[in-house]
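A note on names: the letters A, B, ... follow the listed sequences, proteins ahead of strands, and every chain is numbered from 1. Below, each value reflects all heavy atoms present in this structure, side chains not excepted, and no hydrogens, waters or symmetry copies.
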Number of protein chains: 2
Amino acid sequence: MRTAQRPTLEAVAARAGVSRATVSRVVNGSTTVAEPIREAVTRAVAELGYVPNLAARSLVTQRTDSIALVMPEAATRVFSDDQVFPGIIRGVSQELEAADKQLVLMLAGSPAGHHRVERYTTGRHVDGVLFASLHGADPLPGTLARLGIPVVVSGRPLGDAPVPYVDVDHVGGVTAAVRHMIDSGRRRIATIAGPQDMVAGIERLRGYRATVADAGLPELIAVGDFTRESGSAAMRRLLIEHPELDGVFAASDLMAHAALRTLREAGRRVPEDVAVVGFDDIETAAYTEPPLTTVRQPIVELGRRMTRQLLRLAAGETIEQAVMLPTELIRRASA
Amino acid sequence: MRTAQRPTLEAVAARAGVSRATVSRVVNGSTTVAEPIREAVTRAVAELGYVPNLAARSLVTQRTDSIALVMPEAATRVFSDDQVFPGIIRGVSQELEAADKQLVLMLAGSPAGHHRVERYTTGRHVDGVLFASLHGADPLPGTLARLGIPVVVSGRPLGDAPVPYVDVDHVGGVTAAVRHMIDSGRRRIATIAGPQDMVAGIERLRGYRATVADAGLPELIAVGDFTRESGSAAMRRLLIEHPELDGVFAASDLMAHAALRTLREAGRRVPEDVAVVGFDDIETAAYTEPPLTTVRQPIVELGRRMTRQLLRLAAGETIEQAVMLPTELIRRASA
DNA sequence: CAGGCGTTAGAGAGCGCTCTCTTGACACAA
DNA sequence: TTGTGTCAAGAGAGCGCTCTCTAACGCCTG
């Protein structure tokens with residue numbers, strides 16, 4: 001069974017009574033083939049159930065028609081409860097489907113895993129590489145770019161390598177969130193920040209600081225890592241250090257969700273005593289108690305845009321170094 | 001840049017002063033190479049930064065060292081809020097990493113997408129195919145199996161093709177859940193069932209019916225599709241049709257979550273008036289109000305086992321037609 | 001010391017495809 | 001009729017690798 005011979009170009013050519021080259025032309029859509037011959041070839045392809053051997057094609061064209069999407073394995077854990085991880089994949093997948101290219105997904109967990117990613121991508125086994133949710137200043141994207149391998153990352157890269165990226169407007173979203181609380185009379189607005197080795201964490205904290213500073217309000221900061229657990233811990237710390245707080249901006253919905261519960265356990269009412277705003281607009285946000293006001297980011301679109309940029313790059317076009325996607329404040333009951 | 005010549009076997013051979021065949025032996029770990037020569041080759045490989053061209057290798061070995069994971073695109077939407085989708089990917093990824101194989105992810109949304117999957121997988125561009133979360137009786141797994149292409153699916157396939165599968169013990173989990181409610185005195189236990197074109201939906205309903213029948217209790221059934229929206233609607237219907245109910249088993253945590261809210265809105269207290277049990281044990285389950293009692297399924301392990309089975313199959317071993325993974329009742333406050 | 005054997009390295013074919021170059025056919029002008 | 005130009009189709013090289021077959025070499029045996 002395993003040796004079931006698949007028909008080759010040769011076989012199709014023989015059946016259609018033409019040369020290999022002509023079959024290749026038809027299969028690849030060349031225009032310089034007379035109609036009757038094209039038809040004969042098409043028929044032969046159908047009759048034989050011919051499918052081109054991609055390995056053979058890649059060998060000569062130097063293209064693989066596949067691109068890699070690299071994510072830290074932690075992303076599947078940290079984000080396991082929201083749609084960031086599946087959302088990006090969905091967006092990438094949609095665009096690649098349209099371009100008839102394959103998606104090779106690489107979750108880099110261990111250092112060994114990272115090395116494997118490096119070997120694979122630098123080995124030019126893919127036509128381009130997408131990086132999502134980078135932690136810290138990974139040198140790999142820069143290395144690939146220098147090798148001339150098309151790369152696009154999500155979020156402004158922390159290193160100094162000039163790698164093209166697509167990001168959402170963190171600062172704009174956070175500003176809208178914090179202003180919303182200020183406008184409704186809050187004056188002691190704290191933040192539960194995200195991890196400071198990720199752009200999303202850094203930018204969202206930056207937005208918070210700028211906005212409260214602008215309004216002449218104090219900075220009340222506790223740092224989490226985007227997870228619910230860290231959100232509970234941070235909220236508890238904030239309540240101890242700043243019991244007077246009347247608003248909380250959490251850098252992720254997961255942390256906001258945990259904060260909601262912690263506040264309730266501490267006897268604070270939301271939104272009467274404390275307003276809470278999150279970031280992400282995960283599906284759960286509409287089902288928390290009370291429903292969470294939050295900043296929506298276009299996550300599927302992020303995946304799509306990254307992919308489109310990468311494909312353009314791979315096609316030899318020059319692309320914008322940075323693309324920024326808008327965020328939007330979704331008002332529910334928590335603030 | 002794009003034409004930057006990568007070193008070939010030939011180049012390594014020249015540098016090491018040996019033949020191509022010998023370099024190939026060293027690279028592929030053959031034992032029949034004398035130590036000094038092996039060392040010389042290894043050094044040449046390092047110096048030149050040689051990376052084998054996978055396309056060329058595939059062309060002759062007829063292997064691709066990559067496997068496809070096929071999911072309906074809906075899976076990323078329906079499950080966007082729980083860990084099924086990322087969990088399976090993580091499990092698959094872990095095992096493939098250990099085996100040094102690549103993961104090609106295919107989300108089949110449209111009929112065109114499904115056709116693309118069919119073309120790609122039947123074209124033997126991968127060494128094996130994993131199917132997750134099948135809807136209905138997709139003929140593709142059976143077709144591939146008949147072509148001699150290694151296939152493993154998640155969940156007992158609904159068609160009659162004898163395709164090897166890995167599944168969790170739905171019935172066992174549901175039985176434990178419903179018995180738990182019976183044991184605590186509930187006598188009017190309803191279910192919010194999952195979609196009846198998916199094994200998970202069918203099996204969980206089967207488990208419910210068997211257990212209530214066994215206890216001489218009535219069947220109170222409303223069907224949803226695993227999403228929160230459908231869960232709310234189903235819960236409302238149940239309250240109208242069976243206002244006397246004192247327990248609800250929801251076939252997914254998402255539906256259970258929505259039921260919790262709907263019950264509260266209807267003035268029913270959980271668990272005092274109505275006990276609620278879900279299925280999946282998503283992370284949110286621990287954060288609902290009240291925290292949700294639910295059935296945990298080992299989702300990462302599911303991905304891992306599927307992959308291990310597939311790799312064994314691809315290696316020519318014969319494998320069990322069915323593998324069943326245990327489920328476990330997690331008791332929290334809702335029942 | 002011839003003959004046989006086991007072991008290691010090289011030679012060379014060929015995997016299935018694309019793409020350049022060449023040939024062939026035909027139309028039209030001189 | 002011959003020459004020129006245009007366009008479609010074929011011939012053939014070669015992409016980088018693996019793997020079989022063969023050659024070379026050293027060692028043991030009779």
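- Within the 4.0 angstrom heavy-atom criterion, only backbone atoms of the sugar-phosphate kind lie near B/I37; the bases stay farther away.
- When the side-chain nitrogen and oxygen atoms of A/S19 are compared with OP1 and OP2 of D/dA9, none of them lie within a distance under 4.0 Å.
- Scanning atom types as modelled, one donor and one acceptor separated by under 3.5 angstrom connect the side chain of A/R25 and the base of D/dG10.
- Here A/N28 reaches the OP1 or OP2 of C/dT18: one of its side-chain N or O atoms lies under 4.0 Å away.
- Here B/A34 lies in heavy-atom contact (under 4.0 Å) with sugar-phosphate atoms only.
- Between the side chains of A/D138 and A/H114, at least one donor N or O lies within less than 3.5 Å of an accepting N or O.
- Residue B/T61 has no polar side-chain atom (N or O) positioned under 4.0 Å from OP1 or OP2 of D/dT18.
- In terms of polar N and O atoms assigned as donor or acceptor, the side chain of A/R20 comes within less than 3.5 Å of the base of C/dT18 in a complementary pairing.
- When rounded to the nearest whole Å, the span between CD of A/E35 and P of D/dA9 equals 11 Å.
- Between C/dG10 and B/T22, a contact under 4.0 Å exists linking OP1 or OP2 to a side-chain N or O.
- Atom CD of A/E10 is separated from atom P of C/dG16 by 10 Å (rounded to the nearest Å).
- Summarising the geometry, the separation between CG on A/L59 and C1' on D/dC15 is reported as 4 Å, rounded to the nearest angstrom.
- Taking a cutoff of 4.0 Å between a charged side-chain nitrogen and a carboxylate oxygen, B/D65 and B/K101 qualify as a salt bridge.
- Distance CD (A/Q62) to P (C/dC19): 11 Å, rounded to an integer number of Å.
- Comment: B/E10 does not engage B/R15 in a salt bridge, judged by the lack of any side-chain N to carboxylate O separation of less than 4.0 angstrom.
- If you measure from atom CG of B/L54 to atom C1' of D/dG16, you get 11 Å, rounded to the nearest angstrom.
- In this structure, B/V60 and B/V18 both approach DNA chain C, and ranking their closest nucleotides by distance from the 5' end singles out B/V18.
- Note: CG (A/D65) to P (C/dC17) measures 15 Å, nearest angstrom.
- A salt bridge (charged side-chain N to carboxylate O under 4.0 Å, His left out) with A/E95 holds for exactly one of A/R90, A/R305, A/R304; it is A/R304.
- Atom P of nucleotide C/dC19 and atom CG of A/L9 are separated by 12 Å, given to the nearest angstrom.
- When all heavy atoms of B/A55 and A/L59 are compared, the pair lying nearest together is CB-N, 4.0 Å.
- Atom CZ of A/R57 is separated from atom C1' of C/dC19 by 13 Å (rounded to the nearest Å).
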